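Below is one structure; the comments refer to it alone.
This structure is a prediction, so every number in the text was calculated from the model and none was measured.
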Amino acid sequence: MKLSELLKNIKPISTIGNTDVDITGVKIDSRQVQPGHLFVAMKGTQVDGHRFIGKAIELGAKAVMCEDLPEKLDDDICYVQVASTEDCVGPVATLYHGDPTSRLKLVGVTGTNGKTTIATLLYIMFRKMGHRCGLLSTVCNYIEDQAVPATHTTPDAIELNELLEQMVLAGCEYVFMECSSHAIAQKRIGGLKFAGGMFTNLTRDHLDYHKTFENYRDAKKMFFDSLPKTAFAITNLDDKNGLFMVQNTKAQVKTYSLRQLADFRARIIESHFEGMYIDINGHEVGVQFIGKFNVSNLLCVYGAAVMLGKQPEDILVVMSTLKSVSGRLEPIHSAQGVTAVVDYAHTPDALENVLSAIHEVLNGKGQVITVCGAGGNRDKGKRPLMAQEAVRQSDRVIITSDNPRFEEPMDIINDMLAGLDAKQMKKVITNPDRREAIRTAAMLAQKGDVILIAGKGHEDYQEVKGVKHHFDDREVVREIFNS
């Protein structure tokens with residue numbers, strides 16, 4: 001594709017060189033540049049891509065898009081200077097890959113909790129209904145049934161468009177996608193056309209990046225502000241930010257709620273560890289999920305399916321067959337009558353939701369032992385809040401290591417303990433060895449008790465000093481139960 005064609009949806013400050021050159025690829029990582037590529041120099045949070053313009057040219061780049069022109073210009077290179085490469089990379093990547101979302105129905109879900117569950121359940125539901133689908137999620141990306149490992153909640157703009165183009169070539173009709181606050185703020189989804197968007201909830205998270213809750217909230221809102229009038233926007237009335245998210249959107253707004261009048265409403269009729277009976281808009285259905293927060297997730301799935309043209313009866317039939325996403329409230333039973341629940345909960349709100357769901361089922365007939373930690377090199381402010389929530393709803397708490405990354409595990413644990421008073425500390429044991437912490441919980445548990453192992457869920461590794469070591473909470477629990 002000609003460079004001039006790639007530039008038609010952006011407004012360069014200046015162009016130096018021949019824009020009639022053929023471009024054979026678009027890259028933001030200079031190490032991936034090959035002859036004929038356009039290199040886009042991004043000013044990232046860690047590294048400035050402008051430092052690698054020379055390297056990209058050495059590897060064969062024919063054009064460079066940048067905010068700051070190099071002091072020395074190469075006569076054989078076309079330089080495209082723009083005000084913001086972050087704003088431009090999405091539209092350029094979209095054009096290069098044939099504008100894939102003009103040939104797909106792309107539906108995005110954003111919020112603090114529930115994104116993975118909702119996107120994955122919609123992907124499974126629509127495949128069960130006979131459609132070819134793609135999924136872009138934290139756990140894994142899928143092109144139909146082909147798994148493509150995920151490295152971020154939302155890939156960068158170039159990788160994203162590459163995946164979407166592959167989905168078009170595979171005949172996909174629908175793509176369901178998690179839209180993280182990072183991805184929205186960094187314009188990774190710029191240039192994409194969405195058929196719809198959903199908002200789940202908003203609680204404290206990622207303040208290490210966004211700095212303030214307001215910045216985090218506003219990043220989420222940007223997604224809805226950018227939806228076209230042809231799209232739908234489904235929002236959660238049970239979250240105080242639900243209506244704020246859609247107040248400036250051009251999309252058709254629909255609401256869902258467990259507590260008040262809304263377009264899509266639900267209530268729990270009966271609950272067990274293996275599932276619930278719920279009522280959705282006057283229709284009863286049995287589902288293989290537990291917890292009010294999962295009813296809210298299922299309600300969002302239901303609303304999206306309705307807005308995409310599916311009949312309520314057909315949606316509920318498929319919904320009754322759906323199962324929880326890997327590592328989300330995943331129960332594991334021991335021969336001694338103890339139940340372990342593995343969940344990805346890594347925010348105070350997520351812990352509250354999961355523990356509430358466990359208590360709804362236990363109904364006072366057993367104790368709850370919680371094993372949890374907090375991630376290193378992330379928002380430190382949520383650490384004491386997580387400890388407080390764990391202690392509030394648990395009979396015993398074992399605070400351990402999560403993914404310490406480049407921090408010392410005991411430093412993270414001490415940050416969590418700082419939120420507890422002397423009375424609360426009587427419930428708490430600390431052990432930085434996660435395997436031993438889980439083993440301790442199993443030793444403390446009696447028949448009828450529940451062990452919540454929170455924080456890692458589907459993850460099969462523990463990240464320490466930049467190295468990922470194999471560690472799967474589910475494997476460890478089964479091993480301990482069997483021994």
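Under the 30°/60° scheme for interplanar angles, the aromatic rings of Phe199 and Phe224 are found to stand perpendicular. In this structure, Phe223 and Phe194 have perpendicular ring planes: the angle between them is above 60°, well past the 30° mark.
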task: Please lay out, stage by stage, how Phe52 and Phe39 fare under the test ring-ring contact (aromatic ring centres under 6.0 Å, His included).
output: CA-CA 9 Å; Phe52 304 101; Phe39 174 63; 7.9 Å; no
message: Under the criterion side chain to side chain contact (heavy atoms under 4.5 Å, CB included), I'd like the reasoning laid out for Met177 against Ser137: C-alpha separation, chi angles, the key distance, then a yes or no.
response: CA-CA 6 Å; Met177 173 182 176; Ser137 86; over 6 Å; no
Chi angles and distances behind the side chain to side chain contact (heavy atoms under 4.5 Å, CB included) call for Met276, Phe289: CA-CA 6 Å; Met276 299 177 285; Phe289 297 81; 4.2 Å; yes
task: Starting from the C-alpha separation in whole Å, work towards a yes-or-no answer on side chain to side chain contact (heavy atoms under 4.5 Å, CB included) for Met319 and Leu121.
output: CA-CA 9 Å; Met319 188 176 283; Leu121 293 182; over 6 Å; no
task: Dump the intermediate steps for salt bridge (Lys or Arg N to Asp or Glu O under 4.0 Å) on Lys250 and Asp225, then the final yes or no.
output: CA-CA 7 Å; Lys250 302 181 197 72; Asp225 290 350; over 6 Å; no
field: Derivation and outcome, side chain to side chain contact (heavy atoms under 4.5 Å, CB included), residues Met129 and Val318
entry: CA-CA 8 Å; Met129 289 176 165; Val318 177; 4.1 Å; yes
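Note that the CG atom of Leu164 and the CG atom of Leu136 stand 6.0 Å from one another [nearest 0.5 Å]. Rounded to the nearest 0.5 Å, atoms CE (Met222) and CE (Met245) are 11.5 Å apart. To the nearest 0.5 Å, atoms CG (Leu417) and CD1 (Ile399) are separated by 4.5 Å. Note that the NE2 atom of His97 and the CG atom of Leu95 stand 10.5 Å from one another [nearest 0.5 Å]. Of the inter-residue distances, the one linking Ser226 atom OG with Ile184 atom CD1 reads 8.0 Å to the nearest 0.5 angstrom. Taking CG of Asp87 as the reference point, atom CD1 of Ile10 lies at 10.0 Å (rounded to 0.5 Å).
Here Tyr256 and Tyr302 keep their ring centres 6.0 angstrom or further from each other. Aromatic ring centres of Tyr461 and Phe471: separated by at least 6.0 Å. Residues Tyr344 and His458 bring their aromatic ring centres within 6.0 Å.
A salt bridge is absent between Lys105 and Glu173: the closest approach of a Lys/Arg side-chain nitrogen to an acidic carboxylate oxygen does not fall below 4.0 angstrom. Ion pairing of Arg127 with Glu144 is present here, as a side-chain N (NZ or NE/NH1/NH2) and a carboxylate O approach within less than 4.0 Å. A salt bridge does not link Glu5 with Lys2: none of the charged nitrogens is closer than 4.0 Å to a carboxylate oxygen. Salt bridge Lys27/Asp29: absent, no basic N to carboxylate O contact under 4.0 Å. Salt-bridge formation is not detected for the pair Glu214/Lys220: no Lys NZ or Arg NE/NH1/NH2 atom is positioned less than 4.0 Å from an Asp or Glu carboxylate oxygen. Looking at Glu459 and Arg434, no side-chain N of the basic residue comes within less than 4.0 Å of a carboxylate O on the acidic one, giving no salt bridge. Looking at Glu67 and Lys43, a side-chain N of the basic residue comes within less than 4.0 Å of a carboxylate O on the acidic one, giving a salt bridge. A salt bridge does not link Asp473 with Lys456: none of the charged nitrogens is closer than 4.0 Å to a carboxylate oxygen.
Scanning both residues, Ser181 and Ala219, for their nearest heavy atoms gives O-CB, 4.0 Å. In terms of heavy atoms, Thr94 sits closest to Pro100 at O-CD, 3.8 Å. In this structure, Gly381 and Pro384 approach most closely via the heavy-atom pair O-CD, 3.6 Å. The two residues Val107 and Phe232 come nearest to each other via the heavy atoms CG1-CZ, 4.2 Å. Annotation for Leu202 and Asp239: closest pair N-OD2, 2.9 Å, computed over non-hydrogen atoms. When all heavy atoms of Met125 and Leu322 are compared, the closest pair comes out as CE-CD1, 4.0 Å.
For the pair Ser30 (side chain) and Ala56 (backbone), a donor-acceptor distance under 3.5 Å is absent. Not a single donor-acceptor pair under 3.5 Å links the side chain of Asn377 to the backbone N or O of Arg405. Although no hydrogens or angles enter the test, the distance criterion places no donor-acceptor pair under 3.5 Å between the side chain of His131 and the main chain of Cys172. Judged by distance alone, with hydrogens and angles left aside, the side-chain atoms of Ser257 form a donor-acceptor pair with the main-chain N or O of Gln260 at under 3.5 Å. In this structure, the side chain of Arg328 does not engage the main chain of Asp343 through any donor-acceptor pair within 3.5 Å. At distances below 3.5 Å, at least one donor-acceptor pair connects side-chain atoms of Asp279 with backbone N or O atoms of Gly282. With His359 contributing its side chain and Gln393 its backbone, the two residues share a donor-acceptor pair below 3.5 Å. In terms of modelled atom types and a separation under 3.5 Å, the side chain of Arg383 and the main chain of Gly375 share a donor-acceptor contact. With hydrogens and angles disregarded, no donor-acceptor distance shorter than 3.5 Å links the side chain of Glu389 to the backbone of Met386. Judged by distance alone, with hydrogens and angles left aside, the side-chain atoms of Asn241 form no donor-acceptor pair with the main-chain N or O of Phe244 at under 3.5 Å.
Residue-environment remark: NZ (Lys221) exceeds the threshold of 12 foreign heavy atoms within 6.0 Å. Summarising the local packing, NZ of Lys55 is surrounded by 12 or fewer heavy atoms from other residues, nucleotides or ligands at distances under 6.0 Å.
Counting heavy atoms from C-beta on, the side chains of Val306 and Leu308 never come closer than 4.5 Å. Taking 4.5 Å as the limit, some side-chain heavy atom of Met65 sits within range of a side-chain heavy atom of Val82. At least one side-chain heavy atom of Leu316 sits under 4.5 Å from a side-chain heavy atom of Ile280. Between Leu298 and Ile278 the shortest side-chain heavy-atom distance falls below 4.5 Å. Using a 4.5 Å heavy-atom cutoff, the side chains of Asn113 and Thr200 are not in contact. A heavy-atom distance below 4.5 Å is found between the side chains of Ile53 and Cys66. Side-chain contact between Leu420 and Gln388 is present, with at least one heavy-atom pair separated by less than 4.5 Å. Residues Pro404 and Gln462 form a side-chain contact, since some pair of their non-hydrogen atoms from C-beta on lies under 4.5 Å apart.
Evaluated for a side chain to side chain contact (heavy atoms under 4.5 Å, CB included) with Met198, the options Asn236, Val301, Thr110, Leu122 yield exactly one hit, Leu122.
No side-chain donor-acceptor contact under 3.5 Å links Thr15 and Gln81. Between the side chains of Thr19 and Ser4, no donor-acceptor pair is found at a separation under 3.5 Å. For Gln166 and Glu162, the side-chain atoms include no donor-acceptor pair closer than 3.5 Å. Neither side chain, Arg188 nor Ser180, offers a donor N or O lying under 3.5 Å from an acceptor on the other.
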